[in-house]
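To keep things clear, I will list the structure first and then write my remarks on it.
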Amino acid sequence: MYIDCQNPSVHSLRWFKLLGDIASKVIDKYNLNIDVDKYQFDERYASKSFEEIFMRIYEELNGGRVLLIFDEIELISVETSSSDHWKHGNDFISFWQTIRAFCQEHQQQLSFLVAGVNPHCIEKVSINGVDNPIFSMLNPMYLNLFDIEDVRNMVENIGKYMGLVFDEEIFTKLVEDYGGHPFLVRHICSLINESIPLERPQRISKYDYEKEKSNYDIKISKYIEQIIHVLKRWYPAEYELLEILAVRGNDSFISNLGRNDYNTVDHLMGYGILKKHKDTYFITIKALELFLKDNSEQYLTDTIEQKRSAVSFRRNRLEETLRDLIKTILYANFGKSDARSKLLEVKKTTDRPKYDGIDIGDFMENSLYFSELKILVDKNWRLFEKIFQDKRKFNTYMEIVNDYRIDAHAKGISEDEYTMFHVAIKWIEEKL
């Protein structure tokens, strides 16, 4: 029985309703003579009803075992679900306590398999202070990226229908540059096909490939961004470590590994994105590594010049984003005229006349200090509360970011101060 957890009809259900829904679907699938309406699926009786129904199902199937396959398991898991009762509540615990208890007592009647992009739900020891029902119960298996032989088989088989023949070196290059990632390799081959004359057959040499590779990388950047988006959403710790490795190198990567980060490394190696040779880690997808270097939030900060550059870049980017957010929210809630009045409230009364006639966009861009952006949010906290959530933290971190303006004043900054700046600005960046 296949259960697609990304379907809102699944993850929007409370745990007890989902148990009832699964029972109903199994009954319908096998056209069994069981009246599910006779059973109560509420918080009190759902577990008991689930056991009784699946015992009946086992009898109706003449001793046949049911396999439940949960795909996109993240959507009904703690911390990763888009539905609050799974993400923050105890639904995950109650749901899997029910299924685990039944499977342990009736091993021949029911089994289950979970699939997804993040093994987080089976690796957490406890959830909300309660033992995780499926911790250590399942052993994760990772789908490997393609090796040279896999890439050769895929590319040759598809290429022959397009009238394309590939030199052997191409397969090695596709693995070296794109890690054997099937999704990326397929799109590179599509671009190769588009760049070749219509007269077929055509042989693709390594020189053809190398000549066009930079163009290929530009054109697949949107697909690299999709991979980055998945990493950022589902594996934030893994993503941050990859950034460190790509930008700062192996030594910084190792020095940033905490006691609990070796699970994170195991994930990256399991996904095939990271490999280790002796004491050196490296990213297997060169295109991903290049993208991280060009778009990373990690910065080389070994010298004061590098620290100034990092502070300047992040602070300017934050300021620009915050100005846009404030303007948009004030416009939406007060209209252009009243929004202008709200903006002017941060200026001294005697100074306000000199801004008469200045376009509100120009005023936002050129006449508001960074510290005044903090005041605007503070004065209109009701409008920004859902974004920043913690008023005290917002004000404190904005002050820290404003205080450590080493880029503007050619000041020095200690490692502790730079760490404090990083913590403060990272919190605001994530909220934005």
Side-chain angles (χ1 to χ4, degrees), residues 117 142-232 235 238-250 252-253 268-277 280-300 313:
V117 296
Y142 295 89
L143 293 178
N144 295 325
L145 298 180
F146 283 6
D147 59 19
I148 293 176
E149 186 61 29
D150 294 325
V151 169
R152 180 188 295 110
N153 289 335
M154 179 176 73
V155 174
E156 282 186 339
N157 286 331
I158 297 175
K160 68 182 180 182
Y161 293 107
M162 311 302 294
L164 301 178
V165 180
F166 295 84
D167 281 356
E168 182 66 23
E169 294 92 337
I170 298 290
F171 310 128
T172 302
K173 294 297 292 181
L174 288 171
V175 173
E176 288 178 353
D177 294 335
Y178 305 101
H181 194 296
F183 181 74
L184 296 179
V185 170
R186 181 165 57 85
H187 282 287
I188 292 298
C189 290
S190 177
L191 293 172
I192 291 173
N193 178 58
E194 292 175 7
S195 67
I196 297 300
L198 291 177
E199 296 82 13
R200 306 296 168 98
Q202 291 279 346
R203 175 169 288 277
I204 312 300
S205 72
K206 66 177 182 179
Y207 305 107
D208 296 320
Y209 173 86
E210 289 171 354
K211 178 183 176 183
E212 295 294 330
K213 183 182 179 303
S214 58
N215 291 328
Y216 298 155
D217 286 343
I218 292 171
K219 290 180 179 178
I220 68 159
S221 60
K222 61 182 177 182
Y223 302 119
I224 296 290
E225 285 188 53
Q226 287 181 13
I227 296 174
I228 294 294
H229 174 72
V230 170
L231 282 170
K232 277 188 171 181
Y235 325 114
E238 287 86 339
Y239 176 77
E240 185 170 353
L241 281 173
L242 277 182
E243 278 193 321
I244 292 171
L245 181 58
V247 178
R248 301 177 62 83
N250 186 68
S252 290
F253 177 83
L268 291 170
M269 295 181 74
Y271 306 141
I273 295 174
L274 187 73
K275 285 191 177 179
K276 183 182 182 184
H277 178 68
T280 302
Y281 292 91
F282 60 93
I283 297 171
T284 59
I285 304 175
K286 285 187 180 178
L288 178 62
E289 183 176 8
L290 291 172
F291 188 93
L292 285 170
K293 285 181 178 178
D294 292 339
N295 298 274
S296 175
E297 292 183 359
Q298 294 290 334
Y299 304 93
L300 288 171
F313 177 81

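Residues passing the salt bridge (Lys or Arg N to Asp or Glu O under 4.0 Å) test with Glu149 are Arg152, sequence neighbours excluded. Taking the side-chain hydrogen bond (donor to acceptor under 3.5 Å, both in side chains) definition, one finds that Gln202 meets it with nothing, sequence neighbours left out. Evaluation of the side-chain hydrogen bond (donor to acceptor under 3.5 Å, both in side chains) rule for Ser221 yields no partner, not counting sequence neighbours. Applying the side chain to side chain contact (heavy atoms under 4.5 Å, CB included) criterion to Asp150, with sequence neighbours excluded, gives Phe146, Asp147. Remark: Val175 engages Ile148, Val151 in a side chain to side chain contact (heavy atoms under 4.5 Å, CB included) (not counting sequence neighbours). With sequence neighbours excluded, the residues that form a ring-ring contact (aromatic ring centres under 6.0 Å, His included) with Phe253 are Tyr281. By the salt bridge (Lys or Arg N to Asp or Glu O under 4.0 Å) test, Asp167 pairs with Arg203, sequence neighbours left out. Considering only residues two or more places apart in sequence or on other chains, Asp217 meets the salt bridge (Lys or Arg N to Asp or Glu O under 4.0 Å) condition with Lys213. The side chain to side chain contact (heavy atoms under 4.5 Å, CB included) check on Lys275 picks up Phe282, Thr284, with sequence neighbours excluded. Applying the side-chain hydrogen bond (donor to acceptor under 3.5 Å, both in side chains) test to Arg200 and every residue at least two apart in sequence or in another chain returns Asn193.
More than 12 heavy atoms of other residues, nucleotides or ligands shown are found within 6.0 angstrom of CE on Met154.
Among residues at least two apart or in separate chains, ring pair (Phe, Tyr, Trp, His ring centres under 6.0 Å) pairs with a member in residues 205-226 are Phe183-Tyr223, His187-Tyr223. Within the structure, no pair that satisfies the side-chain hydrogen bond (donor to acceptor under 3.5 Å, both in side chains) test touches residues 156-165, not counting sequence neighbours.
In this structure the side chain of Leu184 reaches within 4.5 angstrom of the side chain of Ile227, judged on heavy atoms. Put simply, the side chain of Leu242 reaches to within 4.5 Å of the side chain of Leu292, judged on heavy atoms. Within the 4.5 Å cutoff, the side chain of Glu212 has heavy atoms near those of the Asn215 side chain. Residues Ile158 and Cys189 fail the side-chain proximity criterion, which asks for heavy atoms closer than 4.5 Å.
Side chain of Ser195 to main chain of Ile192: a donor-acceptor pair is present (N/O by atom type, distance under 3.5 Å, no hydrogens or angles).
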